[in-house]
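The next block holds one structure in the form of structure tokens; read it before the comments.
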Amino acid sequence: MSRDAGSRHLRIPGPTPVPERIRRAFLRPLVDHRGPAGRALTRRVLAGLQRLLGTRHPVVLYPASGTGGWQAALVNTLAPGDRILVPETGHFALAWAALARECHLEPVILEGDWRTPADPERIARALAADREGRIRAVCLLHNETSTGVTSDVRAVRAALDRVGHPALLMVDVISSLAIAPYAHDEWGVDVTVGAVQKGLMLPPGLAFLAVGPRARAARRRHARLPRGYFDWERMIEANAEGLFPYTPATAMLFALEEALRLLEEEGLERVFARHARLAAATRAAVAAWGLEVQCRDPRAHSAALTAVRLPPGHDAEAVRAHLRARHDIALGGGLGRLAGRVLRIGHLGDLDGVTLLGLLAGIETGLGACGVPLRGSGLPAAMAVLAAEETDAETSPS
Ligand SMILES: Cc1ncc(COP(=O)(O)O)c(C=O)c1O
């Protein structure tokens with residue numbers, strides 16, 4: 001089978017290589033999605049997502065990428081002219097705000113430096129200043145995939161509570177779910193938006209939302225944007241019977257069920273620990289190279305990816321092209337204002353320590369070949385982290 005350069009070591013921050021068991025799930029014979037097997041499948045998948053998201057409330061699933069999930073969260077709860085508060089953690093926060101603008105909403109952007117997490121104090125101040133109650137939602141990225149910075153959802157919830165502002169809390173977990181701990185109900189989130197192509201290890205194609213009671217009430221009492229295909233009440237009603245209001249992506253549901261099974265077999269705590277360990281090993285390698293990580297706050301390092309800043313005068317796109325052509329490695333590049341300035345190493349999904357070491361060796365070789373000055377090898381440092389933190393044999397999901 002022919003392969004495109006960069007597909008052997010696909011280490012962008014999602015999608016990443018799909019484990020064998022999930023790939024096989026796509027080949028299962030289709031079932032009648034309205035028949036008993038289809039209904040049972042729907043119920044099992046939605047229950048599995050509820051467990052993963054930490055919610056007893058409805059989870060809805062759309063055949064869409066993550067952006068469709070963002071839109072569903074907005075159009076089900078808001079009305080034209082509503083303000084939403086968006087902490088500018090990076091490119092994806094701005095992209096959610098831009099989508100909101102297209103949906104006739106007014107994003108209020110809390111400017112950020114793309115190197116630190118959302119600041120709960122500034123969020124509290126912005127909400128306290130909103131005396132007319134025009135801000136109807138705070139839209140937060142749990143993990144900002146363009147920078148590798150994770151924000152503290154509980155601290156943001158506490159900020160809303162402290163000032164007693166009724167805005168809905170909407171959280172994007174697209175690049176944190178099944179990678180780092182998350183708890184929709186316990187953390188007091190109103191709408192959580194996820195997608196399957198990162199921690200869930202699937203090809204792109206499904207987005208899902210956990211919908212809390214305040215969000216459902218907003219849909220009934222306040223929402224006035226066209227919802228069309230994304231109307232979650234029609235979905236929740238159909239799901240109660242194991243159905244969808246339209247033809248579901250049956251093969252994706254097979255694959256999603258298998259992904260949930262893989263995660264539950266490994267155990268979520270172990271999944272989180274594995275990601276934290278691989279992330280720490282990656283950062284140790286970057287430090288030993290003498291390069292800087294984009295995230296400046298040690299409490300906010302992402303478990304999903306590490307964005308590495310290249311020294312001035314070095315083009316990250318040239319390094320990416322070299323890695324793709326010479327080593328069959330695909331890394332993420334800089335987005336928005338970071339274009340050409342960072343390499344984003346995805347250490348999420350189906351990955352173990354040995355594979356990570358091979359990847360880091362390839363990146364180190366490529367950086368050297370492209371003339372990026374390195375202080376030393378990153379491999380001993382990464383190996384030391386893996387050796388110190390390894391309590392169980394490293395197992396990869398496949
Ligand atoms: C955190 C985050 N939110 C939203 C998106 C947009 O999702 P999609 O590209 O699946 O539409 C991405 C894409 O990578 C993302 O990383």
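Both counts, for ligands and for their atoms, begin at 1 and track the order of listing.
With values rounded to the nearest 0.5 angstrom, Asn239 atom CG is found 13.5 Å from Trp232 atom CH2. Note that the SG atom of Cys295 and the NE2 atom of His301 stand 5.0 Å from one another [nearest 0.5 Å]. Atom CD of Glu106 is separated from atom CZ of Arg83 by 5.0 Å, given to the nearest 0.5 angstrom.
For atom 16 (O) of ligand 1, the nearest non-hydrogen atom of the protein is Thr145 OG1, 2.5 Å. The protein non-hydrogen atom at the shortest distance from atom 13 (C) of ligand 1 is Phe92 CE2, 3.3 Å. Scanning all protein heavy atoms for the shortest distance to atom 14 (O) of ligand 1 gives Lys198 NZ, 2.9 Å.
For ligand 1, the polar-atom distance check against Ser175 finds no nitrogen or oxygen pair separated by under 3.5 Å. Residue Ala195 has no nitrogen or oxygen atom sitting less than 3.5 Å from a nitrogen or oxygen atom of ligand 1, judged on distance alone.
In the hydrophobic clustering of ILVMFWY residues, with side-chain heavy atoms under 4.5 Å counting as a link, Val196 and Val191 come out together.
Close contacts of ligand 1 with Ser65, meaning ligand atoms under 4.0 Å from a residue heavy atom, involve 8 (P), 10 (O), 11 (O). Within ligand 1, the atoms closer than 4.0 Å to a non-hydrogen atom of Leu141 are 1 (C), numbered from 1 in the order shown. Of all atoms in ligand 1, listed by their number and element, those nearer than 4.0 Å to a heavy atom of Gly66 are 7 (O), 8 (P), 10 (O), 11 (O).
Between Pro17 and Leu10 the shortest heavy-atom distance is CD-O, 3.2 Å. Residue His91 comes nearest to Glu144 through the heavy atom pair N-OE2, 3.7 Å, listed as atom of the first residue, atom of the second, then distance.
Both the backbone and the side chain of Thr67 come within contact range of ligand 1, each with a heavy atom under 4.0 Å.
Ligand 1 has Asn143 within reach: a non-hydrogen atom of the residue lies less than 4.0 Å from it. By the 4.0 Å heavy-atom criterion, Glu144 is excluded from the residues contacting ligand 1. The closest approach between any non-hydrogen atom of His142 and ligand 1 is not below 4.0 Å. At least one heavy atom of Trp70 sits less than 4.0 Å from an atom of ligand 1.
Selection from Val196, Asp172, Thr89 by nearest heavy atom to atom 3 (N) of ligand 1 gives Asp172.
Side-chain contact, Ser176 with His142: a donor N or O sits under 3.5 Å from an acceptor N or O.
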Intermediate values then yes/no, salt bridge (Lys or Arg N to Asp or Glu O under 4.0 Å), Glu266 and Arg274: CA-CA 10 Å; Glu266 185 177 354; Arg274 176 167 56 82; 2.7 Å; yes
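At most 12 non-hydrogen atoms from other residues, nucleotides or ligands lie less than 6.0 angstrom from CZ of Arg34.
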